[in-house]
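Notes follow once the structure below has been shown.
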Amino acid sequence: MNYSLPTEIISNIFEYVSINDLIRIESTCRLFQSFALCEIEKRIIHSTRDEWGILIHLGQVLAKPIRFDPRTKKAYYSIVMDPVKIKTMFDHRRPIHCSLLRKNHTKLSLSEIKYQSYSEKGFIINIEKGMEEGKTLQLNVKNELCQVHASLTRLASPVLIQQAELDNNKKHPQPIKSMAPLPLTYTLQITELSLPLSTIAT
């Protein structure tokens, strides 16, 4: 394919184009699509390391860019976080509300980075009724803004753990009766976030 300008000059020009304009060029001009995708990948991997985060169960975690797929036109981020413990008193379906966070560029300071919810909608990870103890589910939750991969585990009941220890030690004390049922405990951990270019450009 012939270009009116050398490829080196086109690449240098694209370095000064905003990422929003790069995404518009990629979607509207096939002649410069490969140049735009190449520059978008560089921006995502090297220039937005603290751009995105997730609010999960009242805790905030950051997303670190790891790769960009030019075929699907999605950016992938790793989430490094400790599993969040979630307790519920009854075995029922429980939604965990999460929000996609983005750096607030209008309120930046040298000592602190501010984040705000990207959208009021957010996304929901559901704990389904009837999940077996000790079982781990790999979940993919997707909406129009983002997609996350998460691991959900139901922990063993404290009563069962205590009983197993008693059986091993061959001790049989009288159990302590409680009026309230023990809560069911789950752990939730988001491991990956992916964003389409439409979200990044907004």
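Treat the numbers as computed from the prediction; the structure is a model and nothing was measured.
- When the side chains of ILVMFWY residues are joined at heavy-atom separations under 4.5 Å, either directly or via intervening members, W52 and V80 end up in two distinct hydrophobic clusters.
- Summarising the geometry of D91 relative to E128, their closest heavy-atom pair is OD1-O, 4.5 Å, with the distance given to 0.1 Å.
- Here the CG-SG distance, from L193 to C146, works out to 6.0 Å after rounding to the nearest 0.5 Å.
- With rounding to the nearest 0.5 Å, the separation of CD1 in I10 from CZ in F35 is 4.5 Å.
- Scanning all heavy atoms of the two residues, the minimum distance from Q33 to K73 falls at NE2-NZ, 3.6 Å.
- Here the closest heavy-atom approach between residue L22 and residue A36 is recorded as O-CB, 3.7 Å.
- The 12-atom threshold is exceeded at CG of N140, counting heavy atoms of other residues, nucleotides or ligands nearer than 6.0 Å.
- Looking at T153, its side chain never comes within 3.5 Å of a backbone N or O of T187 through a donor-acceptor pair.
- I23 and Y76 are assigned to two separate hydrophobic clusters, defined by single-linkage of ILVMFWY side chains at heavy-atom distances under 4.5 Å.
- Between the side chain of Y118 and the backbone N or O of T199, at least one donor-acceptor pair lies under 3.5 Å.
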Side chain to side chain contact (heavy atoms under 4.5 Å, CB included) evaluation trace for I127 with T88: CA-CA 10 Å; I127 298 176; T88 179; 5.9 Å; no

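- Atoms CZ and CG, on F14 and D21 in that order, are 10.0 Å from each other to the nearest 0.5 Å.
- Between I190 and V61 the shortest side-chain heavy-atom distance does not fall below 4.5 Å.
- Taken from CD in E41 to CG in D69, the straight-line distance is 9.0 Å, to the nearest 0.5 Å.
- L101 is listed as a side-chain neighbour of Q60, based on a closest heavy-atom distance under 4.5 Å.
- No side-chain heavy atom of V141 sits less than 4.5 Å from a side-chain heavy atom of I124.
- Taking 4.5 Å as the limit, every side-chain heavy atom of Y186 sits out of range of all side-chain heavy atoms of R94.
- When side chains are defined from C-beta on, L100 counts as touching L195, because their heavy atoms get closer than 4.5 Å.
- The distance from atom CG of L197 to atom CD1 of I44, rounded to the nearest 0.5 Å, is 6.0 Å.
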Step-by-step side chain to side chain contact (heavy atoms under 4.5 Å, CB included) determination, I66 to E192: CA-CA 10 Å; I66 52 176; E192 187 179 75; 4.1 Å; yes

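- The heavy-atom pair separating R43 from S18 by the smallest distance is NH1-C, 3.8 Å.
- Using a 4.5 Å heavy-atom cutoff, the side chains of L155 and K85 are in contact.
- Inter-residue side-chain proximity for Q138 and S151 is flagged as met; some heavy-atom pair is nearer than 4.5 Å.
- A donor-acceptor pair under 3.5 Å is absent between the side-chain atoms of R102 and the main chain of S119, judged by distance alone.
- A pairwise comparison of heavy atoms in Y77 and A63 identifies CB-CB, 3.7 Å as the closest pair.
- The shortest non-hydrogen separation linking L62 to I79 is O-CD1, 3.8 Å.
- Between the side chain of S99 and the backbone N or O of G122 there is no donor-acceptor pair closer than 3.5 Å.
- Taking OG from S78 and NZ from K64, the interatomic distance works out to 6.0 Å, rounded to the nearest 0.5 Å.
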Side chain to side chain contact (heavy atoms under 4.5 Å, CB included) evaluation trace for H57 with L188: CA-CA 9 Å; H57 202 57; L188 177 62; over 6 Å; no

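- Put simply, the side chain of L152 reaches to within 4.5 Å of the side chain of M131, judged on heavy atoms.
- By the 6.0 Å contact criterion, CD on E132 is open, its count of non-hydrogen atoms from other residues, nucleotides or ligands being 12 or less.
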